[in-house]
Amino acid sequence: MSQEYKKLESYVESIREKTDMIPDVAVILGSGLDSFVNSLENPVERGYRKIPGHPICTNAAHRGRYVFGTIGDKKIAVLQGRLHYYEGYSMQDVVVPVRVARMLGAKTLIITNAAGAINVNYDSGTIMAIKDQISSFVPSPLAGEDVTELGTRFPDMTYIYDKELTDKLIKTAGTLEYNIESGIYIQASGPNYESPAEIRAFRTMGADAVGMSTTAEAIAAKHCGFKIIGLSCIANKAADNNIGPLNDEDVVSTVASMSDKVNNILVKFLKENEF
């Protein structure tokens, strides 16, 4: 058994001291989207700090805890607070919550994030379903020790985001009279925002939105067998067409203003579909 898998098992055992729930769906909450946990019925939480050896969040915008509850008849595991590469963690540490959620039994993963608009047609407040991604600017979470217990050494990434589930989510948004765009997300390492020249290069590559998370999580999730949906909340126009300097407080505030819309979409989607 790999050392990484042994660590993950210890984290799962610690969580099982609080709950025996086998979740249907796991949801990663991006910056500003914390209020989604208020949609859970009978919530039970386990903070990252309470799990021996588990990496913790150092970004104040991320709570750092697993929250378990139900929405309708669906059992949900919420990852409230993600880990970032820029915090100094290895990519294997960054994807710990994703792998733990899979080991707890979740089969579908919804990844949300705050992002900057590369596509010039996207304004602040746009919601973008992720149809594909570019991860070449950060290390792969699969590099290093081969965790064979979770998946194959060389997993295929032709279809990372599940088209059927994504189409259903977009349809759900439509029934609420919300419009969702569909585009390609690129991850940069952070914590600095990108330069105008970098944004122009990313646009040339075909990216529509940029952020500091998600692609590594999606790779790890695909590797261990998740069906994946990705949603980007566009908080700002990226550097080459943005007016004024970028700052984290504005990003979080803008995404928080979108949270009711995102919550409504996710709650309806989770209630009305099978996973």
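Given the structure is predicted, the values throughout are model-derived calculations rather than measurements.
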- Quick one: CG on Leu104 to CZ on Arg99, what's the gap to the nearest 0.5 Å? 14.5 Å
- Item | Distance-only side-chain donor-acceptor flag, Thr158 / Asp156, under 3.5 Å | yes
- Answer yes if Tyr161 and Ile234 sit in the same cluster of Ile, Leu, Val, Met, Phe, Trp and Tyr residues linked by side chain heavy atoms under 4.5 Å apart, and no otherwise. yes
- Task: Measure up the His54 and Tyr66 rings against each other and bin them: parallel (under 30°), tilted (30 to 60°), perpendicular (over 60°).
- Result: perpendicular
- Just by distance, with hydrogens left out, do Glu181 and Thr126 show a side-chain donor and acceptor under 3.5 Å apart? no
- Query: So does Asp167 pair up with Lys171, basic N to acidic O under 4.0 Å?
  - Reply: no
- same_hphob_cluster(Val12, Met1) at 4.5 Å side-chain heavy-atom cutoff: yes
- The reported gap from CG in Asn119 to CE in Met128 (rounded to nearest 0.5 angstrom) is 9.0 Å
- Any luck finding a side-chain donor-acceptor pair between Tyr5 and Glu145 under 3.5 Å? no
- Check ion pair Lys6-Glu9 (N to O, under 4.0 angstrom): no
- Could you tell me the separation between the CD1 atom of Ile186 and the CZ atom of Phe202, rounded to the nearest 0.5 Å? 4.5 Å
- Message: Do Ser232 and Asn113 pair up side chain to side chain, a donor and an acceptor below 3.5 Å, judged on atom types alone?
- Response: yes
- Message: Nearest 0.5 Å, please: how far is OG1 in Thr204 from CD1 in Ile118?
- Response: 10.0 Å
- Message: Using a 3.5 Å distance criterion without hydrogens, assess whether the side chain of Arg16 forms a donor-acceptor pair with backbone atoms of Thr19.
- Response: yes
- Check: Ser259 side chain, Ala256 main-chain N or O, donor-acceptor pair, under 3.5 Å: yes
- Message: Can you tell me how far apart CG (Leu270) and CD1 (Ile71) are? Round to the nearest 0.5 Å.
- Response: 5.0 Å
- Is the count of non-hydrogen atoms from other residues, nucleotides or ligands lying under 6.0 Å from Arg49 atom CZ greater than 12? no
- Query: Does Tyr48 have its ring centroid less than 6.0 Å away from the ring centroid of Tyr11?
  - Reply: no
- Message: Using a 6.0 Å cut-off, check whether atom NZ of Lys74 has over 12 heavy atoms from anything other than its own residue.
- Response: yes
- Query: Can a salt bridge be assigned to the pair Lys237 and Asp123 using a cut-off of 4.0 Å between side-chain N and carboxylate O?
  - Reply: yes
- Task: May I ask you to check whether over 12 heavy atoms, not counting those of Tyr85, lie within 6.0 Å of atom OH?
- Result: no
- Neighbour count >12 (heavy atoms, 6.0 Å) for atom CG, Leu176: yes
- Count the heavy atoms belonging to other residues, nucleotides or ligands that lie under 6.0 Å from OH of Tyr178, then report whether that count exceeds 12. yes
- Do Met212 and Asn59 have side-chain heavy atoms sitting under 4.5 Å apart? no
- Kindly confirm or rule out a cation-pi arrangement of Arg102 over Phe226, judged by NZ or CZ under 6.0 Å from the six-membered ring centre and within 45° of its axis? yes
- Thr112 side chain to Gly30 backbone, donor-acceptor under 3.5 Å: yes
- Reference residue Met91; test side chain to side chain contact (heavy atoms under 4.5 Å, CB included); the match among Val94, Val95, Asp93: Val94
- Quick one: do Arg46 and Glu17 make a salt bridge, cutoff under 4.0 Å? yes
